[in-house]
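Numbering starts at 1 and runs along the sequence shown. Whatever order the structure lists them in is the order used to number ligands and atoms, beginning at 1.
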Amino acid sequence: MSHASLSRRRLIQAAGAAAVVTAGGAATVATTGDARAAVPAARADIGALASPFQMGEVQLGAGRWKGNQDRTLSYLRFVDADRLLYNFRSNHGLSTGGAQSNGGWDDPAFPFRTHFQGHFLTAWSYAWAVLGDTECRDKAEYFVAELAKCQDNNAAAGFNPGYLSGFPESEFDLLESGSLRNGNVPYYALHKTLAGLLDVWRYMGSTQARDVLLAFADWVDWRTERLDSGQMQSVLRTEFGGMNDVLAELYLQDGGERWLTAAQRFDHAAVFDPLAAGRDELNGLHANTQVPKWVGAAREYQATGTARYLDIATNAWHFVVDAHTYAIGGNSQAEHFRAPDAIAGYLADDTCEGCNTYNMLRLTRELWTIDPDPAYFDFYEQALLGHMIGWQNPADEHGHITYFTPLNPGGRRGVGPAWGGGTWSTDYNSFWCCQGTGLETHMKLMDSIYAHDEGGLYVNLFAPSTLTWSEQDVTVTQTTDYPVADTTTLTVSGGAGQTWAMRVRIPAWTEGATVSVNGEDQDIAVEPGSYATVERAWADGDAVTVTLPMGIAVRAANDDANVSAVVYGPVVLSGDYGDAEPATLPTLEADTIERTGEDALEFTATADGSEVRLAPFYDAHGHNYTVYWNAPGASGTP
Ligand SMILES: [Zn+2]
């Protein structure tokens, strides 16, 4: 067997490179001479009304988010690349060099081994792009060079050109003939490697990563082009990650038309058709098999401008956020979507798989760039503070995570289903999907705080951070203890005299927000669920102070007015039950909730006749908790 020649690919690549980005185009355009600026994309995103900043233009200040980033960074530096190469080298007929093999989902006998390594490539490239971390850059470069050797040995290994994996290519013969029986999800694993190579190319400028990626994508194109659409749709019944996403990304980055054609072969009709028609048929579907397809649909919209893709992505987002999402912003029970609004009936120890929220946040961010509605970031904040920040174990120097976040009464992070999904991940014996998306999440916590368009700046999230807005020669420093404090201050330096708008998200949950500049209250609209706009000729040192008053709210589950979570502003509060295991949801006397500390979010309340301590759920570590209570509340998710 042979397939499309590399020379054809080169021609197309050259043609793509001529399609230069238009003004105001893709977020990946280099705006400075900074060596860490991303490689510009060949094509601009269609329909993007706002753009994120370059990853290195936003830095976190001291605080919980930075703590999470530091712990993940230490793991990224620590991990032994040769151990991660074991299955690739072994599969491609090369010496494993005496390296030890891994356990968990990277065990040499695990069906989709090497699904994980692409997450490392992505996270290492982020560590370089964000922090200029040379240890992570060097690890990524070494890893790509070794993958190139694996790919180069394909003829000897009996694989077709471009193939790159820790399991044999024959798995795809089985997949295509419908006889795959070992639980493998081969395209799921390949998607991660493709995405990792793409990130090393664009964030580190590695031409070797680009070349390995293009040869690998060439293999995908060849492998899928041979199938008729019926055969291809059968292949899509097996989880395939975000193959449509990464191929659409490659089309935008490289410019070659064939990558878009290949991306569209992964449009899964059984999932896309009901969504395009506005029908929620998610009940019973494996949740994280679907969300990456929707991220792909959003990227395919940005690649083609075809409204159907946007309908699919937008409808999916609304269905999940409005009808399948727990108070902490996560979704799924036992990895599956349940019936619309089924929340209170599914408070178990295997709720809220981490990957789903990672992918929902990616989807949210894409949809916001197309329609900069602050409601998207109300959800983003809910899920980030409610699920992602506390997903990582703050007591672990390598920042390990838990697969599920239990929502049963007496649930505890790190305790869950016996197969391991409830324990904390480990250095070399887990390598679950969520551990991979966790690496990425905690290396990009800064990436959605700010965005920009021709009119100015958006401030979407509140966290200590510094934005170096190269285009305007402006630095914006955000100083805050949010959400412990309800105030944040944004200080503008440089760029004297330039006029632009600073648009600050006023969350839907607040009332009575205020905005002042240099201590003077501004007479501007500060409606909940909108952007407050401060437009002025900025002087060096101008300080914008935003206050977002927070209050206690009791939010009922969609399906039971008496099963509720307690929130304080954007923060879900949980009850601390120590080592006790309440068998049912504690009955909360909501009118007894009282804040007990000014400098921390500490509360007490009476539940089941006893006093219980309430605190932010992201801090609920090392004890049993309850997030939901038996208490009447206002209906609807926050
Ligand atoms: Zn996962």
Side-chain angles (χ1 to χ4, degrees), residues 68 72 75 102-107 110-123 183-193 195-196 238-243 245-246 282 285-296 320 324-326 328-338 346 348-364 383-384 386-393 399-407 411 413-426 429-444:
N68 281 18
T72 293
Y75 180 51
N102 298 316
W105 291 14
D106 203 44
D107 186 282
F110 191 80
F112 51 99
R113 55 194 180 272
T114 65
H115 80 96
F116 199 96
Q117 284 73 347
H119 292 296
F120 272 114
L121 290 175
T122 292
N184 199 2
V185 285
Y187 275 118
Y188 173 88
L190 264 51
H191 160 235
K192 307 300 178 190
T193 309
T238 299
E239 183 175 8
F240 58 87
M243 285 297 295
D245 176 21
V246 72
L282 302 178
L285 295 184
H286 184 262
N288 196 50
T289 294
Q290 316 314 325
V291 190
K293 299 172 190 173
W294 310 336
V295 179
V320 171
H324 297 273
T325 294
Y326 294 94
I328 67 168
N331 63 68
S332 78
Q333 184 267 323
E335 305 191 11
H336 285 69
F337 288 123
R338 302 302 171 192
Y346 292 91
D349 66 358
D350 56 0
T351 41
C352 298
E353 180 184 349
C355 291
N356 306 20
T357 298
Y358 155 89
N359 278 309
M360 281 301 293
L361 293 183
R362 294 187 61 221
L363 179 62
T364 302
L384 198 62
H387 192 187
M388 298 283 89
I389 293 295
W391 183 29
Q392 191 200 71
N393 183 356
H400 284 297
I401 56 83
T402 179
Y403 195 107
F404 298 114
T405 296
L407 290 176
R413 289 186 172 103
V415 177
W419 62 268
T423 65
W424 297 109
S425 58
T426 58
N429 288 304
S430 310
F431 294 120
W432 315 313
C433 49
C434 295
Q435 191 179 355
T437 51
L439 293 185
E440 296 186 26
T441 295
H442 294 109
M443 288 313 296
K444 67 176 181 73

Practice problem: Considering non-hydrogen atoms only, spot the tightest contact between Cys352 and Tyr326 and give its length. | Solution: SG-CD1, 3.6 Å
Quiz prompt | Heavy-atom closest pair, residues Tyr75 and Gln435 | solution = OH-NE2, 3.4 Å
Practice problem: Give a yes-or-no answer on whether the side chains of Gln117 and Asp106 include a donor-acceptor pair shorter than 3.5 Å. | Solution: yes
Exercise. To the nearest 0.5 angstrom, please state how far the NE2 atom of His336 sits from the CD atom of Glu353.
Key: 10.0 Å
Practice problem: Drop me the distance from Thr357's OG1 to Asn331's CG, to the nearest 0.5 angstrom. | Solution: 5.5 Å
Quiz item: When the ring centroid of Tyr346 is compared with that of Phe337, is the distance short of 6.0 Å?
Solution: no
Quiz item: Which protein N, O or S atoms lie under 2.8 Å from the Zn ion (ligand 1)?
Solution: Glu353 OE2, Cys355 SG, Cys433 SG, Cys434 SG
